[in-house]
Amino acid sequence: MKILVSNDDGITSPGIYELAKALSEIGEVTVIAPHTEQSAVGHAITMKIPLRIIKHYINGEFFGYAVDGTPADCIKIGIRNILKESPDIVVSGINNGANTAINIIYSGTVSAAREAAIMDVPSIAISVTSHDVMDFKYAGKVAKSIVKLVAENGLETGTLLNVNVPNVPEEEIKGILLTKQGKSKWDDVYEERTDPYRKNYYWLTGNLIDVDEDLETDHFAVKNKYVSVTPIHFDLTDYKTYEKIKSWKLDTD
Ligand code: MN
């Protein structure tokens, strides 16, 4: 099984190292990841400046290809110009920080997997729900088992699995749940500060307004120590509204 591993935290992050290590036990892994951290860049792609590919070594041993672009760039150029053929699966992660609820939209981790789905390659995004993760080993195990399930059963074209793992010791994990995207979203705060030249600048922070209270949602499931698995796709059509507004007279007069 040919596995392409990417992420948004950059090729030097411990999460991608653990993911590549875990998945190399079940397949032939190629790492193609951003040269620098690209968290929260969403599905951005690079069009106006060139891209470079740099070979990345760990202790003198080749680890993977660093692309000086976005996560979506890594998948696009990685499949076309490095692998030169589609892998059997793309796995993106292991991300530092949850990609539940609205974070799915902003996430570079999910976007790498989503780009794979656009290119008709089955894919998985995997994140751990903390920004100071100490141990990615359990998440690596989860990734391995879900890759095996996808290899056995396949996925609908255009669909990817978004996996979130609670940041608790393995023995505290209550199980793995199939979930839907939650509705929690950010109450943004732009902190205003002053630079050394007395000009103001702004730094985004904020609080997540947690409205999810159902184990069928990704956000609530991980909060309650369950691993969450959500199938998502890139078709943004609202089919309910499509039916509902069919009766509208869409015209200019
Ligand atoms: Mn990240």
Side-chain angles (χ1 to χ4, degrees), residues 3-23 29 31-46 51 54 56 58 63-78 90-118 123-140 142-143 146-147 160-168 181-182 184-186 188 203-208 218-219 222-223 227-230 232 234:
I3 307 171
L4 168 53
V5 165
S6 194
N7 75 346
D8 77 357
D9 292 335
I11 199 156
T12 58
S13 84
I16 198 168
Y17 180 79
E18 284 297 333
L19 182 61
K21 206 164 87 180
L23 296 181
V29 170
V31 174
I32 305 172
H35 186 50
T36 56
E37 191 188 335
Q38 300 289 314
S39 291
V41 302
H43 209 111
I45 52 171
T46 303
L51 285 174
I54 308 131
H56 183 77
I58 297 177
F63 177 67
Y65 300 89
V67 177
D68 63 347
T70 67
D73 288 334
C74 290
I75 303 308
K76 282 176 175 292
I77 199 170
V90 168
V91 187
S92 177
I94 301 164
N95 188 58
N96 262 313
N99 278 313
T100 52
I102 200 64
N103 295 314
I104 291 176
I105 296 294
Y106 306 121
S107 168
T109 306
V110 174
S111 292
R114 188 164 45 207
E115 185 58 42
I118 292 171
S123 60
I124 297 164
I126 181 158
S127 309
V128 173
T129 64
S130 168
H131 283 280
D132 28 46
V133 179
M134 301 308 291
D135 188 359
F136 291 101
K137 285 215 171 57
Y138 175 68
V142 171
I146 293 176
V147 165
L160 55 132
L161 297 180
N162 183 38
V163 181
N164 281 278
V165 179
N167 185 40
V168 297
Q181 181 179 8
S184 296
K185 54 187 177 185
W186 290 92
D188 294 324
W203 206 310
L204 175 60
T205 170
N207 304 299
L208 192 78
D218 53 5
H219 194 71
V222 291
K223 205 167 109 182
V227 174
S228 152
V229 179
T230 313
I232 57 179
F234 58 82

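For this chain, numbers begin at 1 and follow the sequence in order. Ligands are counted one by one from 1 in listed order, and the atoms in each one are counted from 1 as well.
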Engineer: About how many Å separate CD1 of Ile16 and NZ of Lys21, when rounded to the nearest 0.5 Å?
Structural biologist: 14.0 Å

Engineer: Which N/O/S atom belongs to Asp8 and is the closest one to the Mn ion (ligand 1)?
Structural biologist: OD1

Engineer: To the nearest 0.5 Å, how far apart are CG in Asn167 and CZ in Phe136?
Structural biologist: 8.5 Å

Engineer: Would you say the side-chain atoms of Ser127 and Asn99 include a donor-acceptor pair closer than 3.5 Å?
Structural biologist: yes

Engineer: How long is the span from the CD atom in Glu18 to the NZ atom in Lys137, to the nearest 0.5 Å?
Structural biologist: 4.5 Å

Engineer: Measuring to the Mn ion (ligand 1), does Ser127 have an N/O/S atom at a distance below 2.8 Å?
Structural biologist: no

Engineer: Please determine if the Mn ion (ligand 1) has an N/O/S atom from Asn7 lying under 2.8 Å away.
Structural biologist: no

Engineer: With carbon and hydrogen excluded and only N/O/S kept, which atom of Asp9 is nearest the Mn ion (ligand 1)?
Structural biologist: OD1

